Amino acid sequence: METFIMLRLVFLLLVLVSLLLTVLLLIQKEEKVNGYTLFIITTVSLIIGSVCLYSSGSIVDAFSLSGDAVSFYLYIALFPVSLLNLLVYSFKPRRGLETRV
């Protein structure tokens with residue numbers, strides 16, 4: 001039986017973008033990524049991943065193919081990386097927040 005792997009690249013790209021965002025959050029000196037941008041990127045990547053996983057399941061069922069386990073694991077990996085992004089942003093000290101008198 002054939003395995004449907006057409007959406008594996010999308011899942012891989014979403015995980016890589018989230019990991020790149022984590023690295024950017026860790027090494028940034030000035031605030032290049034603010035909380036709103038981080039929230040939007042995280043939300044959109046989780047929504048796109050969910051829609052792709054659902055679509056993959058529908059396609060696999062319609063054409064009697066077997067599902068791709070790697071895509072599923074990449075989808076599962078997207079959640080901890082997204083949570084890590086939010087935690088890194090919320091616990092990283094920022095310079096511009098103190099008030100000057």
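Just so it is clear, the structure is predicted and the values come from calculations on it, not from any experiment.
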Compare every heavy atom of Val60 with every heavy atom of Gly67, then report the nearest pair and how far apart it is.
N-CG1, 3.9 Å
Minimum heavy-atom separation for Val10 to Cys52, with atom names?
CG1-SG, 3.6 Å
For the residue pair Gln28 and Lys92, what are the closest heavy atoms and their distance?
O-NZ, 3.6 Å
CZ (Phe4) with more than 12 external heavy atoms under 6.0 Å:
yes
Checking side-chain contact (heavy atoms from CB on, under 4.5 Å) against Val44, which of Ile47, Ile40, Thr42 comes through?
Ile40
May I have the step-by-step check of side chain to side chain donor-acceptor pair (under 3.5 Å) for Thr37 and Asn34, ending in yes or no?
CA-CA 5 Å; Thr37 305; Asn34 61 11; 2.6 Å; yes
Give the intermediate values and the outcome of side chain to side chain contact (heavy atoms under 4.5 Å, CB included) for residues Val33 and Ile41.
CA-CA 10 Å; Val33 178; Ile41 291 172; 5.6 Å; no
Could you report the tightest heavy-atom contact between Tyr75 and Ser50, atom names first, then the distance?
OH-OG, 2.8 Å
Cluster link Leu14 to Leu84, ILVMFWY, side chain under 4.5 Å:
no
Under 3.5 Å donor-acceptor, Tyr89 side chain and Gly35 backbone:
yes
So which atom in Leu74 and which in Arg8 form the shortest heavy-atom distance, rounded to 0.1 Å?
CD1-O, 4.1 Å
By side-chain hydrogen bond (donor to acceptor under 3.5 Å, both in side chains), Ser56 pairs with (sequence neighbours left out) none
Beyond-backbone contact of Phe11 with Val70, side-chain heavy atoms, under 4.5 angstrom:
no
Partners meeting side-chain hydrogen bond (donor to acceptor under 3.5 Å, both in side chains) with Thr3 (sequence neighbours left out):
Ser66
Is the shortest side-chain heavy-atom distance between Leu83 and Phe79 below 4.5 Å?
no
Which pairs, with at least one residue in residues 32-56 and sequence neighbours excluded, count as a salt bridge (Lys or Arg N to Asp or Glu O under 4.0 Å)?
none
Yes or no on side chain to side chain contact (heavy atoms under 4.5 Å, CB included) for Val17 and Leu21, after CA distance, side-chain angles and deciding distance?
CA-CA 6 Å; Val17 165; Leu21 186 61; 5.5 Å; no
What closest approach, in Å, do Val81 and Ser18 show between heavy atoms, and which atom pair accounts for it?
CG1-CB, 3.4 Å
Kindly indicate whether the side chain of Leu19, heavy atoms from C-beta on, has any atom under 4.5 Å from the side chain of Val23.
no
For the pair Leu16 and Leu20, evaluate side chain to side chain contact (heavy atoms under 4.5 Å, CB included) and give the outcome as yes or no after the intermediate values.
CA-CA 6 Å; Leu16 287 177; Leu20 227 146; 5.8 Å; no
